[in-house]
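I have placed the structure first, in the form of structure tokens, so that the comments after it can refer back to it.
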Amino acid sequence: MTTKQTLTFDEYLIYEELDRMTDRKSLPQVLKQRREKLATQFPTPVLLWSGQSSSRNFPANIFPFRASSHFLYFAGLPLENAAIRLEQGKLTLFMDAGSPASTLWHGESPTPEVIAAQMGADAVYPLADLERMTAGCATIPVQDRATQALQSQLLNRAIAPIDASDSLDRQLMQAIVALRLVHDTYALAELRQAAAISIQAHKAGMRTTPTAKTEAEVRAAMEAVILAHNATTAYNSIVTVHGEVLHNNHYHHDLRSGDLLLADVGAEVASGWASDITRTWPVSGKFSPTQRSLYEVVLHAHDRCIAAMRPGVEYRDIHLLAAQTIAEGLLDLGILWGKAEDLVERDAYALFFPHGVGHLLGLDVHDMEDLGDLAGYAEGRTRSDRFGLCYLRLDRPLQPGMLVTIEPGFYQVPAILSDPDRRETYRDVVNWERLAEFQDVRGIRIEDDVLVTETGTEILTKDLSTQADAIEQLISH
Ligand code: GLY
Ligand code: MN
Ligand code: MN
């Protein structure tokens, strides 16, 4: 094992930078355990590529690079333009040493040998040597097209993101899903760190709201916290007074005193592990009575879902519990008519809660969705086409070590509520006059990251209160 003392000065600096990103000492051991587990489920050799950056205009002006998560899971380090070969628990790294031109523009980088030692690789070769070690290997396509083409060329076959047949690649995907579904303690330490940074970001967003004039200013305050931790955002932040646009990535609106601000912002730490938090708060610092009553409906759904979670419980039933709770809350407020069970049966709640209650979280937000529903849906299960279930991203029994989000919401989406067919379908259950009294609520979502434990759950994001009173306090301090 290479030690710090054997590194050059420049390598030492970079080693230190990596040092901050993870518990470096245990990384080789953790990676070894992961690949040994993979080997027991999937004995075939595996090649995983990290991917490469794409340029904006000239080659050196690049979009931010993000290594493939499957590569990160087994390689541990966010290397660009590298590949690993896994066989029977052994790791071979393929990467090139920095060229003189790369050193001129980007500075010294650690040698491939140093990197190999950091990840506990058994061997390291230049990328050109990959060509003679691809026979019979399974792989998973990375996101960038250039690397996908390279994968296809080197393996001499088509590479498909989600393959319906029982191909070797699909079997590899299933084996990796089984591993990545359940987080090891190393991953959990990183996930906790991502959650802790996101909590600070949300508190900064709340604190800055009274003096901010636009969504962009609140977003800047939140992302400043993330960037200051040498982290990045795990997805494009949503910071909007138009929370009814579910994935709103515009930040130009002014903040007005009667608005609710919905902030869905999550950090990703340097090792790639993610978090995903949403809070909704009043710009004025005080929820209006209508805002507070709908907030409490969503919060009740959030709390009930988490309280019901434990190993063996179906995540689909957690979604349906959120649906039932929202239906009951809207009945109590006089927005819906009828019986909660019927409203759930008829998907009427989805008029106001048109997405799933959450998803897997890990190295990515919507973890492993590059594999379609292979991770989210248990073997033999497929998506429903029902209005209330078609966006359910996870349909599996919960297992200890799984990390999921719980994120019920209430939205008034014009495209849904003005749709003539929907209005006709639900003519007998919506009290439109009563709904009109809640005009100051466009969108509310409350989202936490919830770890399934042996006995129940641990909310990794619990240090950011969901209580309306506590949120009002955070805004005014
Ligand atoms: N931040 C995206 C989501 O909550 O699914
Ligand atoms: Mn989410
Ligand atoms: Mn989110």
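Note that ligands are numbered from 1 as they come in the structure, with each ligand's atoms numbered from 1 the same way.
Side-chain contact annotation: T461 with D448, donor-acceptor N/O pair under 3.5 Å present. For the 3.5 Å distance criterion, the side chains of Q52 and T147 qualify, holding a donor opposite an acceptor.
Within the listing of ligand 1, atoms 2 (C) sit less than 4.0 angstrom from a heavy atom of H247. Each of the following atoms of ligand 1 lies closer than 4.0 Å to a heavy atom of E447: 4 (O). Near D264, meaning under 4.0 Å from any of its heavy atoms, are these atoms of ligand 1: 1 (N), 2 (C), 3 (C), 4 (O). Distances below 4.0 Å separate heavy atoms of H359 from the following atoms of ligand 1: 3 (C), 4 (O), 5 (O).
Checked against the Mn ion (ligand 3), the N, O or S atom of E447 at the shortest distance is OE1. Checked against the Mn ion (ligand 2), the N, O or S atom of E407 at the shortest distance is OE2. Of all the N, O or S atoms in D276, the one closest to the Mn ion (ligand 2) is OD2.
The two atoms that bring G312 and P397 nearest to each other are O-CB, 4.1 Å, heavy atoms only. The heavy-atom pair separating V241 from D254 by the smallest distance is CG2-O, 4.2 Å. Nearest heavy-atom pair, R445 versus Y411, reported as atom, atom and distance to 0.1 Å: NH1-OH, 2.9 Å.
The closest donor-acceptor contact from the side chain of E407 to the backbone of H359 lies at 3.5 Å or more, if one exists at all.
Between R445 and ligand 1, no pair of N/O atoms sits closer than 3.5 Å.
E244 meets the side-chain hydrogen bond (donor to acceptor under 3.5 Å, both in side chains) test with H242; sequence neighbours excluded.
Within the 4.0 Å heavy-atom shell around ligand 1 one finds H366.
The nearest N, O or S atom of H359 is closer to the Mn ion (ligand 2) than 2.8 Å.
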